[in-house]
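Nothing here was measured: the structure is a model prediction, and the numbers come from that model.
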Amino acid sequence: MPQHTTRRVRQVAALAVATAVGVSLAACSSGSGGASASSSAKEPQTFSFAFSEANTSDTSARQVADAFMKAHPGVTIQFQKLPAESYAQAIATRIQGGNAPDAFEAESGIGQADSIQPFAKAGLLLELANPQIKTDLAPAGIDQFSYGGKVYAVSRGSGVNGIIYNDVAAKGAGISLTGSSTFNEVLNGCAAAKAKGKSLFGLAGSIPANTSILAHEIATSTVYGPDPKWNAERNAGKVKFATTQGWTDALNAIKTLSDKGCFQPGAGGAGFDALTNGSSSGKLFGFFAPGGAAASIEAASGGHVKLTVLPFPAPAGVKTYASVSSDEAIAASAKTKSPKLVEEFLAYIASPEGQKIISTGTGFPIGSKDASQLPSTYQDVAPVVISGDTRSFPPLEWANGKVNDDLGAGIQGILNGQKTAAQVLQQMDTDWG
């Protein structure tokens with residue numbers, strides 16, 4: 001089945017949208033580091049590290065490795081930078097085939113091609129026994145990096161999933177949205193944009209990864225805000241998608257946005273090209289993606305474009321929470337010949353020092369409530385992040401990838417008048433099994 005990981009959303013969307021849109025618009029010591037390299041002197045002091053980056057200006061993975069090598073003279077890390085679009089399946093094949101790199105980027109949780117928990121269950125990953133790692137990972141939610149009570153991966157950092165918004169262009173059309181705007185104010189903005197022959201938002205309706213991320217941004221408030229343990233309850237059979245009002249409200253909100261003309265004409269059948277074309281022509285002012293896309297666009301534009309990340313406002317009567325992902329992970333092979341050294345490297349990544357370096361590729365250090373550590377593009381969403389009104393990205397703990405695939409495909413059906421919210425949610429319950 002197709003796999004739409006959050007990394008795929010980031011890397012395909014950021015690659016297809018950020019570069020094209022950006023260019024068009026432009027027309028050390030560590031408390032967690034543990035022992036020194038001498039603690040693994042009998043091990044090989046060279047190991048491999050595989051990763052991928054959609055944004056060519058993002059060198060955070062290489063930088064954190066360079067910092068570790070500088071702090072550990074005699075250690076050599078061999079880089080294996082793999083293509084972003086095929087990374088998940090490629091690394092999964094290598095892990096399953098027994099020839100995985102010593103350390104590698106992966107996805108936390110379960111249900112994706114390169115999710116760590118199935119690999120941990122199969123004994124293919126190195127257990128990370130350093131207790132400091134568990135402490136450092138706690139703010140991100142330790143369960144998504146664990147299996148059977150043992151830790152097997154660390155986070156690359158956290159990032160907000162929200163509206164990537166061109167505030168300057170929108171204000172030029174008389175529209176003003178901020179991090180504290182309401183759902184009704186969004187609808188008013190949609191009407192104002194439509195009156196000028198423009199669209200407030202662009203949506204790639206034929207791409208499940210894009211439609212589903214919008215649903216998750218809204219459900220973060222309608223479902224997981226009041227019930228942060230909803231996924232665990234679904235896994236236990238105590239709740240269902242079809243009988244949870246918050247999920248119905250989230251999908252109905254998307255239909256309302258469509259009915260009010262918030263998306264560009266033909267959004268139900270659109271691909272990423274609609275976002276690039278709409279942005280480059282000034283026909284739309286925002287789209288839905290991980291917050292890192294804003295920085296990618298700004299970099300691609302050479303600094304000529306300034307964007308902000310907004311949390312998606314909750315429907316009336318519901319408190320707004322921001323969707324935060326910490327799912328981009330680094331794990332290690334159980335077959336590495338340098339287990340102590342590789343674990344030390346992962347402990348460094350999880351440490352505050354390592355997070356300051358590697359999290360620049362995702363957003364901000366896990367658990368950070370320091371405004372100075374947030375990207376400049378996060379100014380509008382910063383109050384929500386700092387207040388702690390955030391929830392983890394929903395599908396990280398879902399039973400399998402098909403649940404999320406059918407959510408995204410089902411939303412296309414809603415946009416085109418071919419499906420109802422109830423039908424989509426019932427299918428998701430069937431997929432869960």
Spacing of [X] atom [atom1] and [Y] atom [atom2] [to the nearest 0.5 Å]:
| X | Y | atom1 | atom2 | value |
| --- | --- | --- | --- | --- |
| Glu397 | Ser115 | CD | OG | 11.0 Å |
| Ser155 | Leu346 | OG | CG | 11.0 Å |
| His216 | Leu396 | NE2 | CG | 9.0 Å |
| Thr256 | Asn252 | OG1 | CG | 6.5 Å |
| Ser326 | Ile366 | OG | CD1 | 6.5 Å |
| Glu107 | Gln144 | CD | CD | 9.0 Å |

I want to check something: taking the side chain as every heavy atom from C-beta on, are [X] and [Y] in contact at a cut-off of under 4.5 Å?
| X | Y | answer |
| --- | --- | --- |
| Ser368 | Pro352 | no |
| Glu298 | Lys306 | yes |
| Asp227 | Glu233 | yes |
| Leu128 | Phe145 | no |
| Ile254 | Ile218 | yes |
| Cys262 | Leu187 | yes |
| Asn130 | Glu343 | yes |
| Leu214 | Phe263 | yes |

Quick one about [Y] and [X] (side-chain donor to acceptor, distance below 3.5 Å, no hydrogens or angles considered), yes or no?
| X | Y | result |
| --- | --- | --- |
| Trp230 | Thr244 | yes |
| Ser108 | Asp327 | no |
| Tyr224 | Asn231 | yes |

>> Determine whether Asp102 and Lys335 satisfy the following criterion, salt bridge (charged side-chain N to carboxylate O under 4.0 Å, His left out), listing intermediate values before the conclusion.
In response: CA-CA 8 Å; Asp102 295 291; Lys335 292 188 175 183; over 6 Å; no
> Taking the inter-plane angle between the rings of Phe68 and Tyr348 on a 0 to 90° scale, is it parallel (under 30°), tilted (30 to 60°) or perpendicular (over 60°)?
Replying inline: tilted
Aromatic ring proximity [X]/[Y], centre distance under 6.0 Å:
| X | Y | answer |
| --- | --- | --- |
| Phe393 | Trp398 | no |
| Phe47 | Phe345 | yes |
| Phe201 | Phe288 | yes |

> Stepwise, does the side-chain contact (heavy atoms from CB on, under 4.5 Å) test hold for Leu307 with Ile297?
Replying inline: CA-CA 8 Å; Leu307 301 176; Ile297 292 173; 3.5 Å; yes
> Does the pair Phe183 and Phe312 meet the rule for a side-chain contact (heavy atoms from CB on, under 4.5 Å), with working shown?
Replying inline: CA-CA 8 Å; Phe183 189 78; Phe312 198 96; 3.9 Å; yes
> According to the salt bridge (Lys or Arg N to Asp or Glu O under 4.0 Å) rule, which pairs have a member within residues 384-393, sequence neighbours left out?
Replying inline: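 Sorted result for residues 384-393: Lys319-Asp389.
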>> Run Arg94 and Gln80 through side chain to side chain donor-acceptor pair (under 3.5 Å) and show every step you take.
In response: CA-CA 13 Å; Arg94 292 180 62 180; Gln80 297 180 8; 3.0 Å; yes
> What's the verdict on salt bridge (charged side-chain N to carboxylate O under 4.0 Å, His left out) for Lys402 and Asp431, showing C-alpha distance, side-chain angles and the deciding distance?
Replying inline: CA-CA 6 Å; Lys402 193 173 188 301; Asp431 293 339; 3.1 Å; yes
Using every non-hydrogen atom in the two residues, find where [X] and [Y] come nearest and quote the distance to one decimal.
| X | Y | value |
| --- | --- | --- |
| Val309 | Ala294 | CG2-CB, 3.9 Å |
| Val64 | Gly354 | CG2-O, 3.8 Å |
| Phe104 | Ser333 | CE2-N, 3.6 Å |
| Ser158 | Val324 | CB-CG1, 3.8 Å |
| Glu217 | Gly162 | OE2-O, 3.0 Å |
| Gly408 | Thr211 | O-OG1, 2.9 Å |

>> Could you walk me through whether Ser351 and Asp136 satisfy the side chain to side chain donor-acceptor pair (under 3.5 Å) test, starting with their C-alpha distance in whole Å, then the side-chain angles of each, then the deciding distance to 0.1 Å, before giving a yes or no?
In response: CA-CA 6 Å; Ser351 73; Asp136 289 335; 5.6 Å; no
>> I'd like to know if the side chain of Thr336 reaches the main chain of Ala332, judged simply by a donor and an acceptor atom lying under 3.5 Å from each other, with no hydrogens or angles considered.
In response: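 Here the side-chain-to-backbone pair does not exist.
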>> Please determine whether side chain to side chain donor-acceptor pair (under 3.5 Å) holds for the pair Thr59 and Gln63, giving the CA-CA distance in whole Å, both sets of side-chain angles, and the decisive distance to 0.1 Å.
In response: CA-CA 6 Å; Thr59 58; Gln63 287 178 17; 2.6 Å; yes
> Can you check side-chain contact (heavy atoms from CB on, under 4.5 Å) on Val318 and Asp249, steps first, answer last?
Replying inline: CA-CA 10 Å; Val318 179; Asp249 292 343; 5.7 Å; no
> Looking at Pro311, Pro290, Pro394, which hits side-chain contact (heavy atoms from CB on, under 4.5 Å) with Asn161?
Replying inline: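 Single side-chain contact (heavy atoms from CB on, under 4.5 Å) partner of Asn161 among Pro311, Pro290, Pro394: Pro290.
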> Passes side chain to side chain donor-acceptor pair (under 3.5 Å), Ser180 versus Thr178? Steps please.
Replying inline: CA-CA 5 Å; Ser180 59; Thr178 69; 3.2 Å; yes
> Passes side-chain contact (heavy atoms from CB on, under 4.5 Å), Val160 versus Tyr378? Steps please.
Replying inline: CA-CA 8 Å; Val160 172; Tyr378 277 33; 3.7 Å; yes
> What do the steps show when you test Arg62 against Asp66 for salt bridge (charged side-chain N to carboxylate O under 4.0 Å, His left out), and what is the final call?
Replying inline: CA-CA 6 Å; Arg62 183 182 294 269; Asp66 286 340; 5.7 Å; no
